[in-house]
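A note on names: the letters A, B, ... follow the listed sequences, proteins ahead of strands, and every chain is numbered from 1.
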Amino acid sequence: MLKTKKWHPWVFVGPALLILTFFFVYPAVATIWRSFYGSGQELFGPNVRHVGLANWRYVFTNPTMTRALRNNALWVGVFTPVTVGLGLILAVLLDRVKYERVLKSIIFVPAAISYVGASIIWRFVYAYRPVGLSQIGVLNALVVALGGEPQGWLILRPWVNNLLLIAVGIWIWTGFSMVIFSAAYKNIPRDLLEASRIDGANEFQVFRRVTLPLLRPTAEVVGVTMVVQVLKVFDIVYVMTNGNYETEVVANRMYKEMFNFFNYGRASAIAVVLLLMLIPFMILNVRRLAGQGGVQ
Amino acid sequence: MRKAMLVLLCLVVFAGVGFSQQKTVYVMHGWPGQQAVAFAKVVQAFMEAYPDINVVTEIVGRDRPAILATRLAAGNPPDVSPIPWLGLMAEWARAGYLVPLDGLVDVSEQIPALTPLGYVDGKLYGTWQSANVKSLVWYNVKAFVEKGYQVPTTWDELIALCDRIVADGGVPWSIGLESGAASGWPGTDWIEDIMLRTAGPEVYDQWVNHEIPWTDPAVVEAWEKFGQIALNPAYVLGGPVGALTTNFGDAGAPLFTDPPQAYLLKQATFIQSFILNQKPDLVPGEDFAVFPFPPIDPKFGTPVLGGGDVSVVFNTGGPLNGTREEVITFVQFLSSVKAQEIWARELGEMAANKNIDPVATYPDPIARAAWQMLLTADSFRYDGSDLMPGAVGAGSFWQGVLDYVSGVPLKTVLDYIESTAVDAYGY
């Protein structure tokens with residue numbers, strides 16, 4: 001047998017570590033460092049300006065930023081339970097339907113559409129035309145057909161427009177969530193469900209007492225994935241409202257500070273906040289993998 | 001003077017031939033497609049007129065300010081670059097990167113309203129390549145004739161016309177503020193144009209440079225005048241919601257339905273191509289035409305808001321204030337009648353030379369009218385939102401327009417923009 005020398009593992013881990021250092025650790029450290037400096041010109045020019053905690057104060061006190069932070073919380077609070085819940089219900093219900101494959105495919109299609117594409121589609125759905133002109137948006141066409149007044153949906157702040165943006169996210173991600181739940185549901189041994197039915201449980205009790213506990217690990221994985229997706233939400237907001245009318249989110253603000261205002265320091269501070277928000281969920285995911293024996 | 005100069009230039013040319021040295025002018029621009037072709041034609045005409053001078057054109061479509069800044073820092077800038085950033089021009093001039101052109105380039109043929117904007121601290125640094133005009137109101141000529149409406153020449157007449165259209169059961173304005181991630185910018189043009197007319201060019205400059213706050217009465221008045229139209233549900237197609245949700249490019253279409261859904265559209269010269277794209281049968285000048293956005297305070301007359309490109313000469317260490325004879329020859333040629341006619345004819349853009357032949361240059365009467373407006377303008381000012389720091393001019397100003405039109409109180413809007421301005425200007 002070949003004797004393992006101390007340096008042997010490094011040969012295998014080394015390249016991965018190098019790549020990680022270069023593409024993750026270095027940018028992360030540089031971003032944190034930059035978050036204490038002024039805008040781009042000041043960072044690279046002759047007047048390098050250390051601004052202390054000013055960028056951080058901005059992140060947590062500027063009204064647009066606090067609005068963005070609150071909206072991100074709203075996205076997490078609405079988007080996550082709805083995608084997880086709808087995905088679960090659809091998976092269990094469609095299991096009993098004859099045309100399951102077709103229906104599941106239809107519901108899954110939005111997951112294959114890019115964020116930008118989906119956002120453009122939904123902009124048309126929410127489109128507004130003045131009273132009296134023919135409505136080109138499906139939603140307003142329905143409202144008018146039912147005798148209502150057309151609404152400028154995306155400017156109805158702050159609840160309607162934010163919830164309508166979140167609805168686009170839900171439309172994109174529910175299919176994904178459903179497919180994962182469906183796979184997990186089909187892995188539940190049928191005899192378990194049979195046994196509970198023979199013991200006299202009705203369908204609701206079977207779902208509540210047997211199916212749900214067995215799907216719990218899946219729900220956790222899907223839930224964490226959804227939270228990670230939604231905290232980074234950018235494209236939908238960028239395309240549909242660009243954060244106007246109180247729909248700003250953290251990632252869109254970061255983009256504006258960086259590429260529109262060239263304020264590298266602030267954009268970096270926002271990026272770090274986004275990273276910090278994501279870390280707990282990353283840890284959760286790693287722990288779960290470890291618990292399942294995937295990682296020692 | 002001009003003749004003497006030409007003789008001098010000819011001498012230079014012959015001298016060049018005599019020494020059989022090929023002289024080269026390096027020019028960098030950022031124009032895409034059609035404009036690049038037009039510029040190439042101008043360059044070609046130059047090289048025909050001055051066979052001993054070679055012109056090397058470099059096209060940098062993206063991030064030109066950053067690339068120019070890098071080249072300046074490295075000490076190898078191009079000789080000439082037409083740029084649309086007057087703020088950068090001033091910055092570079094003060095840093096000594098630019099060649100003062102006083103006494104080298106003759107700008108007496110330039111449209112008078114444009115010339116002052118080429119100066120920094122009393123010295124000439126930029127000559128105008130071309131300009132565009134924003135202070136235009138577009139209208140449906142046939143509908144106006146049919147209803148007996150007159151083109152308004154004052155703000156009061158404009159409001160009277162609006163009221164008359166409303167009384168006739170029509171809607172005066174089509175406004176489109178939506179523009180994807182840049183939504184709000186058409187409203188900034190409104191406010192700038194109004195401000196030039198209520199407060200005058202000097203106060204306008206102070207506002208653009210943030211020497212007066214956004215809460216200053218002069219600024220408040222401009223916003224309120226804009227609100228007088230944009231916030232009035234009877235004046236705007238679809239009311240404020242219509243203005244917010246209509247794309248700027250689609251705002252022209254309602255003027256040409258039968259009967260017209262709206263009668264007036266305030267937009268820059270470029271909107272003509274949008275209108276013709278949607279309604280290819282319309283004839284400019286017959287079916288639609290423009291009138292100047294009317295003056296408000298007679299003291300300030302009819303100013304023109306617009307944009308454009310100025311050619312600046314970079315200091316490359318030559319004997320003439322830091323540049324070379326052939327570069328000056330080229331810059332002088334760019335503003336000559338010949339070059340300007342080529343440029344304007346190719347693109348329909350506004351020539352900066354006042355001696356061009358408008359009839360031969362502009363085939364359509366709208367471009368001619370816009371050019372006439374520029375020629376007779378009481379003052380010309382660059383689009384302010386383009387001159388402000390990005391966080392204001394392409395950030396809170398746009399957002400503020402949308403907030404104001406969607407019903408946020410003006411004080412809240414202006415307080416917010418002021419807070420971002422203090423932050424972005426640093427004072």
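Residues of residues 162-176 of chain B placed with any heavy atom under 4.5 Å of a heavy atom in chain A are absent; none qualify. Of residues 233-249 of chain B, those residues lying under 4.5 Å from chain A by any heavy-atom pair are Leu237(B), Gly238(B), Val241(B), Gly242(B), Leu244(B), Thr245(B).
The closest side-chain heavy-atom distance from Thr64(A) to Tyr416(B) is below 4.5 Å. Residues Tyr245(A) and Ser406(B) have side chains in contact (heavy-atom distance under 4.5 Å, counting atoms from C-beta outward). When side chains are defined from C-beta on, Arg157(A) counts as touching Val408(B), because their heavy atoms get closer than 4.5 Å.
Ranked by non-hydrogen atom pairs under 4.5 Å with chain B, the options Arg123(A), Met240(A), Glu257(A) are led by Arg123(A). Looking only at heavy-atom pairs under 4.5 Å with chain A, the residue among Thr257(B), Val392(B), Asp403(B) that has the most is Asp403(B).
Nearest heavy atom pair, residue Ser183(B) against residue Asn244(A), reads CB-ND2, 4.4 Å.
Applying the 6.0 Å contact sphere to OH of Tyr425(B) captures more than 12 heavy atoms from other residues, nucleotides or ligands. The environment of CZ in Phe24(A) is sparse: at most 12 heavy-atom neighbours from other residues, nucleotides or ligands sit within 6.0 Å.
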Practice problem: Output, in order, the C-alpha distance, side-chain angles, deciding distance and verdict of side-chain contact (heavy atoms from CB on, under 4.5 Å) for Arg266(A) and Asp423(B). | Solution: CA-CA 12 Å; Arg266(A) 261 182 207 168; Asp423(B) 190 54; 2.5 Å; yes

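A salt bridge is defined here as a Lys NZ or Arg NE, NH1 or NH2 lying under 4.0 Å from an Asp or Glu carboxylate O, and Arg129(A) with Asp250(B) fails to meet this definition.
For Pro63(A), the part lying under 4.5 angstrom from a heavy atom of chain B is the side chain only. When heavy atoms are compared at a cutoff of 4.5 Å, Ala391(B) approaches chain A by way of both its backbone and its side chain. When heavy atoms are compared at a cutoff of 4.5 Å, Leu154(A) does not approach chain B at all.
The line from OG1 of Thr241(A) to CD of Glu178(B) is 10.5 Å long, rounded to the nearest 0.5 Å.
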